[in-house]
Q: 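Before we start, here is the structure in question, set down as structure tokens.
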Amino acid sequence: MVRPKALLALLLSALLVLTGCGSGDDSSSERGGPVKLLVFGAPEELAAYRTLLDAYAKARPGSEVQLIEASDRKDLLARLATSVAGGAPPDLFLMNYRFYGQFAAKGVVEPLDGRIAASDVVDPAAYYPVAMEAFTWGGKQLCLPQNVSSLAVYYNRSLFQKHGVPEPKAGWTWNDLVGTATAMTRDSRGLVVRGTESEGAAQRPAVHGLGVEPSIIRLAPFVWSNGGDIVDDTEKPTRLALDTPAAREALKNLVDLRQAYGVVPTDEEVEAEDDESRFANGRLAMLMTSRRATTNFRTITDFEWDVAPLPVYQKSVGVLHSDAYCMTRGSKNKDAAWRFLEYAIGEEGQKIIAATGRTVPSHIGVSQSSAFLGPSQPPRSAKVFLDAIPTVRALPTVSTWPEIEDVAYGILENAMHRGDKLDDVIRDLDQQTRPLFARGEQG
């Protein structure tokens, strides 16, 4: 008896052959050239993707996937937009849900529902729903997520032990975070630096207690945890909603990390050495960031590090970090691209990329396996990322969200490092982002 899924797969394959769109073997890859995959990332992240591509080439002899490496997120967005406009887009691209809306709204992304239904590899029920839902647009599944995680607090265990400061743990509060960051902000003599200057010598800290970028995605979980919202309407947002008491408190507390306590580096210090490098070099006790930093931090040999969950206001809330493989509607190599996508998103591919440290797998089974939770490499508390998944909330996928985040970053950066008045910050955020909401589209 032929199973319904298998029968659907046969019918789809036949239809593709009849319409000249491809065939079921790898000859289409040869006719269309290699599958082109556009990504960006740090060198360690790109190495992780190369590992995946090498494994795929061995598993599927004759198949070839070419990695197109963008220098950063803005470069990736620009390359994708330019290639689409020029009629020669990559077959696949890897993108965060916060940024794919602008391409979804323009019809750049190929819906995958039919291929998913015909697949014996991709079962939507096997993946975390919050990640799958983040990549639906107009009721269609446009992309398939490779990872799902929230922010975590990376910390230098060796430094904590050296100074006898208790390590962060589940259930700690924002006040606990501030107290811990203060205790870990030390001068070159190892003495605690209080406030924006050290007592007496006015010496800048040799080690700062915390690194956190002043951005919407870093602010969001604390606004939510405090009972507030980032936007006025999650389904059809028209503005930021940071003027409520709950949001104002979370925003003020973020700014005070620099302005009142001096536990985060100055903007000049961050420009000279970014927070991730500062942590890896032992000059930052804690860093609030996503799972993607793990590939870099696994190169650290001078000290031991681990991760802790985010601090809490009223309840535990995380902010979704998820990237997905998307197929371009203009791809000339869709069948071959889908075969790679199936491999990358399936158990085998997700185990390979998880083992590099890059991802919290979106595949539920793989995330709970030794490929992710194995104790052989840090962080030893990797389960922190899994424990956060039930609490994560997604930011809007409105098509203009990348612009909204960029505008908000500049205003929040000035607030944290220049000390702009809170009322002015909230007013500027509203006035400068409201027009972007007005012309944005929501899936």
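Bear in mind the structure is a predicted one, so any value in this text is a computation, not a measurement.
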Q: Walk me through it: do Arg434 and Asp232 pass the test salt bridge (charged side-chain N to carboxylate O under 4.0 Å, His left out)?
A: CA-CA 11 Å; Arg434 196 183 285 246; Asp232 60 336; over 6 Å; no
Q: Please confirm whether Arg291 makes a cation-pi placement over Phe385, using NZ or CZ under 6.0 Å from the six-membered ring centre and within 45° of the ring normal.
A: yes
Q: Are any side-chain N or O atoms of Asn147 and backbone N or O atoms of Asp323, one a donor and one an acceptor, separated by less than 3.5 Å?
A: yes
Q: Please enumerate all residues that pass side-chain contact (heavy atoms from CB on, under 4.5 Å) together with Val425, with sequence neighbours excluded.
A: Leu251, Ile411, Leu412, Ala415, Asp420, Leu429
Q: Under the criterion side chain to side chain donor-acceptor pair (under 3.5 Å), which of Asp274, Asp275, Asn281 is the partner of Ser277?
A: Asp274
Q: Between Asp176 and Thr173, is a side chain to side chain donor-acceptor pair (under 3.5 Å) present by the stated rule, with each step listed?
A: CA-CA 5 Å; Asp176 293 331; Thr173 66; 3.1 Å; yes
Q: Just how far is it from atom CG of Leu219 to atom CD1 of Ile230, taken to the nearest 0.5 Å?
A: 5.0 Å
Q: Please check if the number of heavy atoms outside Glu268 that lie under 6.0 Å from its CD is greater than 12.
A: yes
Q: Using the rule given for salt bridge (charged side-chain N to carboxylate O under 4.0 Å, His left out), can you reason through Arg427 versus Asp430, listing the C-alpha separation, both sets of side-chain angles and the distance that settles it, and then say yes or no?
A: CA-CA 5 Å; Arg427 181 202 64 216; Asp430 180 59; over 6 Å; no
Q: Quick one: list whatever passes salt bridge (charged side-chain N to carboxylate O under 4.0 Å, His left out) with Glu69, sequence neighbours left out.
A: Arg50
Q: Answer yes when Lys421 and Asp423 have at least one side-chain N-carboxylate O distance shorter than 4.0 Å, and no when they do not.
A: no
Q: Given Glu405 and Ser215, is the side chain to side chain donor-acceptor pair (under 3.5 Å) satisfied, shown in steps?
A: CA-CA 7 Å; Glu405 282 204 10; Ser215 64; over 6 Å; no
